Student: 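I'd like to ask some things about the structure below.
Every value quoted in this text rests on a predicted model; they were computed, and no experiment measured them.
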Amino acid sequence: MKVKKYHKLVRDSIPEIIESDGKQCVCEVLSSKEYLALLDEKLQEELNEYEESKSLEELADLLEVMYAVVKARGWSVEELEQVRKEKAKQRGGFEKRILLKEVQSKD
């Protein structure tokens, strides 16, 4: 029997998908602390995958993990969106494609 080892946070339906393919998997439910740590790792993993592929699918995966982080930290997606809107109102978005190259001061 071939065994492939993982230590990876996966989407909720992955165990069923694996088993429907005639395979067996070993999983565990994480503590809140472990879950948050692995969500942070997953954010980086998904960001790396997006940077490599530049695909909409990977960007959607990144957003899904962000939503999971928001919920795991006790916030709501609505709160996240409100903070995003407030920052955009105060500091703007990124539509103007501005590259800051230097700041000069007399200090």
Student: As a quick check of understanding, evaluate side-chain contact (heavy atoms from CB on, under 4.5 Å) for Asp21 and Glu19, giving each step before the final call.
Tutor: CA-CA 5 Å; Asp21 198 28; Glu19 290 174 359; over 6 Å; no

Student: A side-chain contact here means heavy atoms from C-beta on lying under 4.5 Å apart; do Val83 and Glu81 qualify?
Tutor: no

Student: Restricting to non-hydrogen atoms, name the atom on Val77 and the atom on Val70 that form the minimum distance, rounded to 0.1 Å.
Tutor: N-CG1, 3.8 Å

Student: Take Lys33 and Asp40, measure what salt bridge (Lys or Arg N to Asp or Glu O under 4.0 Å) needs, and give me the verdict at the end.
Tutor: CA-CA 11 Å; Lys33 184 178 178 180; Asp40 288 342; over 6 Å; no

Student: If hydrophobic clusters are built from ILVMFWY residues whose side chains come within less than 4.5 Å, do Leu80 and Leu47 share one?
Tutor: no

Student: With rounding to the nearest 0.5 Å, note down the distance linking OG in Ser32 to CZ in Arg73.
Tutor: 11.0 Å

Student: Using side-chain heavy atoms (C-beta onward) and a distance below 4.5 Å, is Glu46 in contact with Leu63?
Tutor: no

Student: Main chain of Lys87, side chain of Gln90: is a donor-acceptor contact present, judged purely on distance under 3.5 Å?
Tutor: no

Student: If you apply the rule side-chain hydrogen bond (donor to acceptor under 3.5 Å, both in side chains), what do you find for Gln82 with Glu78, and how did you get there?
Tutor: CA-CA 6 Å; Gln82 183 60 41; Glu78 293 78 18; over 6 Å; no

Student: Which heavy atom in Lys42 sits nearest to a heavy atom in Leu9, and how many Å separate them?
Tutor: NZ-O, 3.0 Å

Student: Okay, side chain of Glu52, backbone of Glu49: is any donor-acceptor separation there less than 3.5 Å?
Tutor: no

Student: Can you check side-chain hydrogen bond (donor to acceptor under 3.5 Å, both in side chains) on Glu102 and Gln104, steps first, answer last?
Tutor: CA-CA 7 Å; Glu102 102 182 6; Gln104 299 175 0; 2.6 Å; yes

Student: Determine whether Val10 and Ile18 fall in the same hydrophobic cluster, where Ile, Leu, Val, Met, Phe, Trp and Tyr are linked whenever their side-chain heavy atoms lie under 4.5 Å apart.
Tutor: yes

Student: So, taking the atom named SG in Cys25 and the one named CD1 in Ile17, what distance separates them when rounded to the nearest 0.5 Å?
Tutor: 10.5 Å

Student: State, with a plain yes or no, whether a side-chain heavy atom of Glu45 is found less than 4.5 Å away from one of Lys8.
Tutor: yes

Student: Within 45 degrees of the ring normal and closer than 6.0 Å to the centroid, is that where the cationic atom of Lys54 sits relative to Tyr50?
Tutor: yes

Student: Between Ser31 and Glu34, is a side-chain hydrogen bond (donor to acceptor under 3.5 Å, both in side chains) present by the stated rule, with each step listed?
Tutor: CA-CA 5 Å; Ser31 70; Glu34 293 169 318; 3.2 Å; yes

Student: Does one hydrophobic cluster hold both Val65 and Leu30, with members joined at side-chain heavy-atom distances below 4.5 Å?
Tutor: yes

Student: Just verifying a value: how many Å separate Lys23 NZ and Met1 CE, rounded to the nearest 0.5 Å?
Tutor: 11.5 Å

Student: Does atom CD of Gln24 have more than 12 heavy-atom neighbours from other groups under 6.0 Å away?
Tutor: no

Student: Taking CD in Glu86 as the centre, count heavy atoms belonging to other residues, nucleotides or ligands within less than 6.0 Å. Is the count above 12?
Tutor: yes

Student: Do Glu64 and Arg11 have side chains that approach each other closer than 4.5 Å (heavy atoms only, starting at C-beta)?
Tutor: yes

Student: How long is the gap from CG on Leu62 to CG on Asn48, to the nearest 0.5 Å?
Tutor: 10.0 Å

Student: Testing the basics here: between Glu79 and Gly74, what is the closest heavy-atom pair and its distance to 0.1 Å?
Tutor: OE1-O, 4.3 Å

